[in-house]
Amino acid sequence: MTAPAVHVWRLLKWGRILARHGALKGIEGDANTPAPVRRLARIARLGARVPATPRYADAFQAIGPAAIKLGQTLATRPDLVGEAAAHDLLRLQDQLPPVPFETIRAALETSLGRPMSAVFSHIEDTPVGAASIAQVHRAVTTDGRQVAVKVLRPGVEADFARAIDTYQWAAAQLEGLGGEAKRLRPRLTVENFRRWTLRELNFQREAASASELAEAMTAEPDFVVPAIDWQRSSTRVLTMEWIDGIKLSNRQALIDAGYDLRKLANTLVQAFLRQAIAEGFFHADMHQGNLFALPGANGQGRIAAIDFGIMGRIDRRARVWLAEILYGLITGNYRRVAEIHFEAGYVPPHHNVAEFATALRAVGEPMRGLPVKDMSIGMMLDGLFSITRDFDMVTQPHLLLLQKTMVMVEGVATSLDPDINLWESAAPFVREWIRTELGPEAAIADRLIRDVRTIAGLPDLIRRIEARYPEPGGEPPAPPLKEIEVVRIGGGWRYAAVAVIAAAASIAGTLLVVH
């Protein structure tokens with residue numbers, strides 16, 4: 001177990017870096033910041049040259065790989081870090097200097113258990129991407145296929161374990177202060193970060209996620225998931241089909257190549273809605289660097305995604321609530337949106353539904369009067385976060401990834417087509433899904449399924465009853481016995497003592513009668 005002094009030292013060291021980038025200003029100036037945290041921030045800032053404009057993303061980049069991933073997680077929490085910090089953290093890019101190829105070669109051969117020449121006829125020494133967790137090399141398999149080979153950076157697991165250990169300790173101290181810090185549930189945020197990271201560090205899990213997403217997206221042929229080469233993959237090496245395309249971040253190259261940017265934007269939005277609402281399993285890191293435009297027919301609107309380390313999952317009940325909330329905000333039905341928040345338990349029952357509906361109206365109506373290009377999902381989420389404190393709403397960890405991804409998808413879609421509006425693009429899909437899932441036909445179908453399952457389970461139920469109450473055997477029924485109170489004083493010698501005392505009392509009573 002790591003000593004508290006080590007945690008404090010690490011926090012002060014990281015705090016010093018944050019201070020030099022001006023990233024502690026918001027903490028010091030926030031009235032809701034607990035006094036001990038504010039004092040620690042001041043200590044870390046002593047003697048530092050603080051810039052006028054905080055550079056949150058640069059600070060996390062300077063601290064290291066684990067901090068980069070934590071920063072990307074905190075970008076989903078404007079309620080925890082503030083709107084300005086969350087917005088700046090969205091630009092975090094985990095590009096790092098590459099590991100020497102000889103180190104990568106050794107890691108690859110150790111992980112696959114074979115010489116590299118046995119699996120690849122050629123592999124490029126220079127990586128096409130070097131991120132905080134892994135780096136990717138272009139290669140050709142022994143059977144002539146072009147692939148991308150993703151190799152885990154040596155030592156990264158131990159680095160992340162040390163950092164997360166301190167994050168957990170710090171979050172526990174913060175939550176222990178109570179009040180606003182407890183409501184924001186920082187320990188749960190760090191725990192989610194730990195789980196996401198463990199999944200991202202296991203490339204077999206990433207390969208399985210890509211395979212599952214490919215199956216789920218068969219209804220969206222314009223959204224492509226690369227095929228996995230399972231024979232050349234392991235927990236630390238991931239080999240998948242090579243994608244030849246143009247990154248969606250390169251808008252000018254897309255224009256020069258003749259892509260229909262509006263169609264690309266709509267393809268992206270529809271693919272996200274299909275994943276999040278219809279399937280409940282979505283790519284949670286859909287930034288521009290992970291998305292490529294592919295050549296194809298009908299205006300070249302196909303998109304391929306890579307990097308499936310962070311995936312989100314939502315159960316059907318939560319998806320129904322989400323769809324109704326989105327559609328209610330789109331149509332201005334704030335009363336229904338408020339009711340859903342109470343039904344889902346997002347707002348404690350001691351609050352008033354009508355009051356919460358009025359607060360939602362204050363968030364939604366200003367957007368409805370704006371031009372289409374100025375309306376924003378991100379603006380809506382910021383508004384919702386602003387009322388969480390007033391209504392004692394605790395953090396919902398299962399929705400954090402979704403909120404982050406919604407903002408990310410909208411940002412990428414808007415960069416392709418500035419006039420696109422996620423609300424308008426989502427409305428037909430959400431309306432149809434709600435009709436399909438919540439309409440009368442769906443209600444009848446759900447009832448039939450439940451009834452058929454109940455009927456089908458009756459034979460098993462009868463067999464369990466028979467096992468519990470078997471038919472009488474050859475022994476005749478026992479006669480009724482008189483009920484006698486059992487005295488339970490204790491065990492062992494105490495029972496013997498009671499018997500002796502009772503016998504002695506009986507004998508003494510007999511002697512008294514005789515005399």
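The minimum heavy-atom distance linking Ala131 with Arg153 is given by the pair O-NE, 2.7 Å. Listed here is the closest heavy atom pair of Leu254 and Ala293: CD2-CB, 3.5 Å. Between Ala67 and Phe60, the closest heavy-atom pair is O-CD2, 3.0 Å. Summarising the geometry of Ala284 relative to Gly312, their closest heavy-atom pair is CB-N, 4.0 Å, with the distance given to 0.1 Å. Closest approach of Tyr259 to Pro295, counting heavy atoms only: OH-N, 3.1 Å. Shown here for Pro226 and Ala305, the closest heavy-atom pair between the two residues is CD-O, 3.1 Å.
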Practice prompt. List the steps, then state whether side-chain hydrogen bond (donor to acceptor under 3.5 Å, both in side chains) holds for Arg313 with Ser209.
Written response: CA-CA 11 Å; Arg313 198 179 294 275; Ser209 295; over 6 Å; no

Discussion item. Does Arg232 form a side-chain contact (heavy atoms from CB on, under 4.5 Å) with Val147? I'd like the steps, not just the answer.
Written reply: CA-CA 10 Å; Arg232 293 172 175 83; Val147 293; 5.8 Å; no

Worksheet item: Where do Phe223 and Arg274 land on the side-chain contact (heavy atoms from CB on, under 4.5 Å) test, with the steps shown first?
Response: CA-CA 10 Å; Phe223 188 85; Arg274 171 75 59 186; over 6 Å; no

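Counting heavy atoms from C-beta outward, Gln168 and Glu191 have side chains that approach closer than 4.5 Å. Side-chain contact between Glu206 and Asp307: present, with at least one pair of heavy atoms (C-beta onward) separated by less than 4.5 Å. Residues His137 and Ile104 form a side-chain contact, since some pair of their non-hydrogen atoms from C-beta on lies under 4.5 Å apart. Within the 4.5 Å cutoff, side-chain heavy atoms of Ile63 are placed close to those of Leu18. Annotation: side chain of Glu212 is not in contact with side chain of Met311 (no heavy-atom distance under 4.5 Å). Counting heavy atoms from C-beta outward, Asp260 and Arg262 have side chains that approach closer than 4.5 Å. Looking at Ser233 and Ile228, their side chains come closer than 4.5 Å, going by heavy atoms from C-beta outward. The side-chain heavy atoms of Ile340 and Val337, taken from C-beta on, include no pair separated by under 4.5 Å.
Atom CZ of Phe120 is separated from atom CG of Asp229 by 7.0 Å, given to the nearest 0.5 angstrom. Rounded to the nearest 0.5 angstrom, Lys263 NZ and Arg302 CZ are separated by 10.0 Å. Residue Phe101 holds its CZ atom at 5.0 Å from CG of Asp125, rounded to the nearest 0.5 Å. Note that CG of Leu108 is 11.5 Å distant from CG of Leu152, once rounded to the nearest 0.5 Å. Atom CD of residue Gln146 and atom NE2 of residue His122 lie 9.5 Å apart, to the nearest 0.5 angstrom. Going from atom CD1 of Ile306 over to atom NZ of Lys150 covers 8.0 Å, rounded to the nearest 0.5 Å.
Atom CZ of Arg187 is surrounded by 12 or fewer heavy atoms from other residues, nucleotides or ligands within 6.0 Å. Within a 6.0 Å radius of CZ in Arg236, other residues, nucleotides and ligands contribute 12 heavy atoms or fewer. Annotation: Arg205, atom CZ; neighbour count of heavy atoms from other residues, nucleotides and ligands within 6.0 Å does not exceed 12.
Annotation: cation-pi geometry not satisfied between Lys69 and Phe160 (NZ/CZ under 6.0 angstrom from ring centroid, within 45° of ring axis).
For Gln135 (side chain) and Val99 (main-chain N/O), a donor-acceptor pair under 3.5 Å exists by modelled atom type. Remark: the backbone N or O of Thr141 is paired with a side-chain donor or acceptor of Ser121 at under 3.5 angstrom. A donor-acceptor pair under 3.5 Å is formed between the side chain of Arg251 and the backbone N or O of Leu416. The main-chain N or O of Val412 is found under 3.5 Å from a side-chain atom of Ser415 such that the two form a donor-acceptor pair.
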Quiz: residues 240-247 side-chain donor-acceptor pairs under 3.5 angstrom, not counting sequence neighbours:
from, atom 1, to, atom 2, distance (Å)
Glu241, OE1, Ala227, N, 3.0
Trp242, NE1, Asp244, OD1, 3.2

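Among residues at least two apart or in separate chains, side chain to side chain donor-acceptor pair (under 3.5 Å) pairs with a member in residues 96-118 are Ser111-Ser234.
Between Phe308 and His283, the ring centre distance stays below 6.0 Å.
Of the N and O atoms on the side chains of Arg145 and Thr239, not one donor lies less than 3.5 Å from an acceptor on the other residue.
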